[in-house]
Peer 1: 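Encoded as C-alpha cells, here's the structure I'll be asking about.
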Amino acid sequence: MKQLLIINGPNLNLLGKREPTIYGNRSFVGYLETLEAQFPDVQLRYFQSNHEGELIDKIHELGFDVDGIVINAGAYTHTSIAIADALSAVTAPAVEVHISNVHARESFRHHSYLSAKCKGVVVGLGLLGYEMAVRYLLNDA
Ligand code: CA2
C-alpha cells in the first residue's frame, strides 16, 4: 500500500474555526476523512504542529519511508530554511500546498523557502489543493 505524509504547520489546526473567508469553514480533520474515502488504497499519515522543530522531526522520521509528502508549512513557508533543508535531506518527493492564493496577499507571503525543494506547488485552490497534491504524488512522482 502506498503511504503519503500530509503535514500542516502552525495555526492550521484552527481551520474551520476562524477566518472562514480566507481559509473556508471546514476543519482539516473533517476534510481528511473525505480524502481517505477518496483514496481507500492509500495510507495517509497526517501530522500537524505549531512548532518548527516538530515539523522537521516528522519529515526526518517518515521522509525516507513514505512515497510522498504533502506540506503546507503555514507561515514557516516564508521563513524556514530549516524546513527547506529537511525536505532536501529526505528521499520522498514533496508537493507544497497553500489553501489561500498567497500571491494575492501581502508581499511577505509571495516568497517560499520550500518551493525549490518541492516537485510542485498548489496555491489558492482551497482544500482541493491537498487532493491535487495527493493525485500527483500517486501518479507522477
Ligand atoms: O494559504 C495557506 O495555506 C497558508 O499556508 C496559511 C498560513 C499562512 O501563513 C500562509 O501564508 C498561507 C496561515 C495558516 C493560518 O490558518 C488559519 C486557519 C484558520 C484560522 C486562522 C488561521
Side-chain angles (χ1 to χ4, degrees), residues 2-141:
K2 284 205 172 182
Q3 272 192 70
L4 298 179
L5 171 61
I6 300 177
I7 294 186
N8 274 342
N11 298 308
L12 287 160
N13 53 312
L14 296 179
L15 276 183
K17 295 185 183 148
R18 299 271 188 283
E19 302 199 63
T21 51
I22 303 176
Y23 298 114
N25 51 20
R26 225 169 154 189
S27 76
F28 195 82
V29 173
Y31 173 68
L32 191 60
E33 284 177 20
T34 305
L35 210 51
E36 281 167 344
Q38 280 177 294
F39 300 97
D41 299 330
V42 181
Q43 189 181 4
L44 296 175
R45 315 270 305 254
Y46 176 59
F47 183 73
Q48 188 277 331
S49 176
N50 296 320
H51 305 278
E52 187 174 18
E54 288 186 1
L55 298 170
I56 292 165
D57 287 345
K58 188 57 71 174
I59 293 168
H60 292 174
E61 181 192 333
L62 294 181
F64 296 94
D65 298 330
V66 295
D67 298 288
I69 299 172
V70 178
I71 183 162
N72 182 350
Y76 287 141
T77 303
H78 318 298
T79 62
S80 182
I81 296 168
I83 294 176
D85 285 346
L87 290 174
S88 282
V90 300
T91 51
V95 173
E96 178 181 351
V97 171
H98 296 289
I99 296 165
S100 64
N101 180 356
V102 286
H103 300 292
R105 301 181 66 190
E106 303 96 324
S107 59
F108 63 81
R109 298 188 202 276
H110 297 179
H111 177 260
S112 165
Y113 281 103
L114 310 189
S115 300
K117 313 299 180 185
C118 292
K119 302 284 255 180
V121 184
V122 189
V123 164
L125 301 185
L127 293 173
L128 178 64
Y130 290 86
E131 178 190 331
M132 302 306 216
V134 167
R135 285 192 190 284
Y136 172 78
L137 289 166
L138 293 177
N139 294 322
D140 299 312

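Indexing begins at 1, ligand by ligand and atom by atom, following the structure's order. Side-chain atoms are counted along with the backbone in the values below, which use heavy atoms only and exclude waters and symmetry mates.
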Peer 1: What closest approach, in Å, do Gly9 and Gln48 show between heavy atoms, and which atom pair accounts for it?
Peer 2: O-NE2, 3.0 Å
Peer 1: Between the side chain of Ser80 and the main-chain N/O of Thr77, is any donor-acceptor distance below 3.5 Å?
Peer 2: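 The answer is no, because no donor-acceptor pair under 3.5 Å joins these two groups.
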Peer 1: Atom 1 (O) of ligand 1: which protein heavy atom is closest, and how many Å away?
Peer 2: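 Going atom by atom, the protein heavy atom closest to atom 1 (O) of ligand 1 ends up being Ser100 OG, 2.5 Å.
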Peer 1: To the nearest 0.5 Å, tell me how far Glu36 CD sits from Thr34 OG1.
Peer 2: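 Separation between the atoms: 9.0 Å.
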Peer 1: Counting each atom of ligand 1 from 1 as listed, which ones have a heavy atom of Val102 under 4.0 Å away?
Peer 2: 11 (O), 12 (C)
Peer 1: Pro10 to ligand 1: N or O pair under 3.5 Å?
Peer 2: no
Peer 1: Count the heavy atoms of every other residue, nucleotide or ligand shown that sit under 6.0 Å from CG of Asn25, and state whether that count exceeds 12.
Peer 2: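 No, CG of Asn25 has 12 or fewer neighbouring heavy atoms, counting only those of other groups under 6.0 Å.
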Peer 1: From Ser27 OG over to Asn13 CG, what is the distance, rounded to the nearest 0.5 angstrom?
Peer 2: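 Rounded to the nearest 0.5 Å, the OG-CG separation comes to 11.0 Å.
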Peer 1: Side chain or backbone, does Tyr23 bring an N or O within less than 3.5 Å of an N or O on ligand 1?
Peer 2: no
Peer 1: Which heavy atom of the protein is the closest neighbour of atom 4 (C) of ligand 1, given with residue, atom name and distance?
Peer 2: His98 ND1, 3.7 Å
Peer 1: Tell me if a side-chain donor or acceptor on Asn72 pairs with a main-chain N or O of His98 at a distance below 3.5 Å.
Peer 2: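 Such a contact is absent between Asn72 side chain and His98 backbone.
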Peer 1: Which atoms of ligand 1 are found less than 4.0 Å from any heavy atom of Ala75?
Peer 2: 9 (O)
Peer 1: At a 4.0 Å threshold, what atoms of ligand 1 neighbour a non-hydrogen atom of Ile99?
Peer 2: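 Ligand 1 atoms under the 4.0 Å threshold to Ile99: 1 (O), 2 (C), 3 (O).
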Peer 1: Given that the side chain starts at C-beta and the backbone is N, CA, C, O, which of these parts of His78 lies under 4.0 Å from ligand 1, counting heavy atoms, or is it both or neither?
Peer 2: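 For His78, the contact with ligand 1 is made by the side chain alone.
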Peer 1: Could you tell me the residue and atom name of the protein heavy atom closest to atom 17 (C) of ligand 1, and the distance to it rounded to 0.1 Å?
Peer 2: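 So the nearest neighbour among protein heavy atoms is Asn11 O, 3.5 Å.
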Peer 1: Describe, in one word, how the ring planes of His78 and Phe108 are oriented to each other, choosing from parallel (under 30°), tilted (30 to 60°) and perpendicular (over 60°).
Peer 2: perpendicular
Peer 1: I'd like the name of whichever of Thr79, Asn72, Thr77 reaches closest to atom 5 (O) of ligand 1 through any heavy atom.
Peer 2: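 Ranked by closest heavy atom to atom 5 (O) of ligand 1, first place is Asn72.
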Peer 1: Atom CD1 of Ile81 and atom OG of Ser88: how far apart are they, to the nearest 0.5 Å?
Peer 2: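 The OG atom of Ser88 is 11.5 Å from CD1 of Ile81, to the nearest 0.5 Å.
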Peer 1: Atom 20 (C) of ligand 1: which protein heavy atom is closest, and how many Å away?
Peer 2: Arg18 O, 3.2 Å
Peer 1: Can you tell me the protein heavy atom closest to atom 21 (C) of ligand 1 and the distance?
Peer 2: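 So the nearest neighbour among protein heavy atoms is Glu19 OE2, 3.6 Å.
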Peer 1: How does Arg109 reach ligand 1, by side chain, by backbone, by both or by neither, if only non-hydrogen atoms under 4.0 Å count?
Peer 2: side chain
Peer 1: Between CG of Leu127 and CZ of Arg26, what distance do you get to the nearest 0.5 Å?
Peer 2: 7.0 Å
